[in-house]
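In what follows, every heavy atom counts, from backbone to side chain, and hydrogens, waters and symmetry copies are set aside. Index from 1, following the sequence.
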Amino acid sequence: MLIVYIAFLLFGLYELFASFNHQLFEANLLMISNLVVIICLIFARFNVHKAEQGSLMKVHMDIEDIHQVTLERIAYNAATYIQIALSLSFTATLVGFLLLRDTQPVIVLWSGILLLISFVSLFPSEKIVSITNPNFKFPDPQSKNYEQEYFNQFDDGEKYVMLKGLYGLYSLVTLCLVLLAFALMFYSIFTDNSQLVSIIGIGILLLLIQVRYTSSLKPSKLE
């Protein structure tokens with residue numbers, strides 16, 4: 001898989017430098033975005049390989065905890081690179097299809113392929129899961145309570161870390177959506193380019209987030 005990513009990168013670099021002066025600014029920007037995605041995927045695969053090889057090493061008991069933490073950090077670095085690649089390729093695919101589907105369809109196709117590769121890479125291998133959570137067992141995908149069973153695989157300490165991170169993310173997303181709505185409002189005023197649909201969409205999203213979060217805090221009925 002690493003060789004495939006490198007081949008993509010080399011071919012992309014060739015295409016970029018061969019046609020940089022002849023393409024539109026948007027096409028060049030999209031190509032650069034695709035190359036960044038490929039680089040992120042290469043770094044992710046490198047970190048996955050490094051973590052898997054490190055998990056096979058036998059270390060002295062005195063440094064076993066330090067070694068485990070190091071492997072976990074490497075594994076989460078890989079996950080971070082994959083998330084960056086997924087977000088960039090998703091944005092590039094949508095923007096490319098909107099602006100370049102008629103003039104530069106090959107570049108848009110690249111973005112779509114990279115989006116698929118990033119999405120597939122998002123699913124962790126059993127070796128990586130055994131590093132970050134040795135006692136984790138994937139529940140039955142067809143289970144009606146899959147999400148709850150998945151969440152229950154983590155111990156109390158891991159749940160606390162996850163919930164703390166998610167609460168911070170909830171606060172950040174809420175603030176960013178509010179600021180984005182105001183920015184779109186002023187953009188609409190000063191440019192006469194209406195962003196009404198986007199503002200309404202942000203308002204609906206804020207409504208869903210707030211109601212869903214508040215409902216999750218509501219205690220269940222006593223029987």
Audit row: Leu122, Gln83, side chain to side chain contact (heavy atoms under 4.5 Å, CB included) steps and yes/no: CA-CA 7 Å; Leu122 191 64; Gln83 292 284 0; 3.5 Å; yes

Let me see the working for Leu41 and Tyr81 under side chain to side chain contact (heavy atoms under 4.5 Å, CB included), right down to the final yes or no. CA-CA 7 Å; Leu41 291 173; Tyr81 283 122; over 6 Å; no

Go through it in stages, so that I can follow the logic: the residues are Thr103 and Leu100, the test is side chain to side chain contact (heavy atoms under 4.5 Å, CB included), and I'd like the CA-CA distance, side-chain angles, deciding distance and then a yes or no. CA-CA 5 Å; Thr103 58; Leu100 303 173; 3.7 Å; yes

Report all side-chain donor-acceptor pairs from residues 164-185 shorter than 3.5 Å, counting only partners two or more places apart or in another chain.
{"residue": "Tyr170", "atom": "OH", "partner": "Gln210", "partner atom": "OE1", "Å": "2.9"}
{"residue": "Ser171", "atom": "OG", "partner": "Tyr167", "partner atom": "O", "Å": "3.2"}
{"residue": "Thr174", "atom": "OG1", "partner": "Tyr170", "partner atom": "O", "Å": "2.8"}

Under 3.5 Å, sequence neighbours excluded: what are the donor-acceptor pairs made by side chains of residues 192-200?
{"residue": "Asn193", "atom": "ND2", "partner": "Tyr187", "partner atom": "OH", "Å": "3.4"}
{"residue": "Ser194", "atom": "OG", "partner": "Leu196", "partner atom": "N", "Å": "3.3"}

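Smallest separation of non-hydrogen atoms from Leu115 and Leu86: CD1-CD1, 3.7 Å. A pairwise comparison of heavy atoms in Val48 and Ala78 identifies CG2-CB, 3.7 Å as the closest pair.
Under a cut-off of 6.0 angstrom, the local environment of CZ in Phe97 is sparse, with at most 12 non-hydrogen atoms contributed by other residues, nucleotides or ligands. Atom CZ of Arg101 has more than 12 heavy atoms from other residues, nucleotides or ligands within 6.0 Å.
Atom CG of Asn77 sits about 12.0 Å away from atom CD of Glu72, to the nearest 0.5 Å. Taking CD1 of Ile39 as the reference point, atom CG of Asn34 lies at 11.0 Å (rounded to 0.5 Å). In this structure, OG in Ser33 is found 5.0 Å from CG in Leu88, a value given to the nearest 0.5 Å. Separating the CD1 atom in Ile107 from the CG atom in Leu99 is a distance of 11.5 Å, to the nearest 0.5 Å. Residue Leu98 holds its CG atom at 12.5 Å from OG1 of Thr93, rounded to the nearest 0.5 Å. With rounding to the nearest 0.5 angstrom, the CG atom of Leu30 is 10.0 Å from the CG atom of Leu35.
The closest donor-acceptor contact from the side chain of Ser118 to the backbone of Leu114 lies under 3.5 Å. Remark: the backbone N or O of Arg212 is not paired with any side-chain donor or acceptor of Ser215 at under 3.5 angstrom. Using modelled atom types, no side-chain atom of Ser89 and backbone atom of Ser111 make a donor-acceptor pair closer than 3.5 Å.
Evaluation of the ring pair (Phe, Tyr, Trp, His ring centres under 6.0 Å) rule for Phe119 yields Phe123 as partners, not counting sequence neighbours.
Hydrophobic clustering, with ILVMFWY side chains joined whenever heavy atoms are under 4.5 angstrom apart, groups Val106 together with Ile113.
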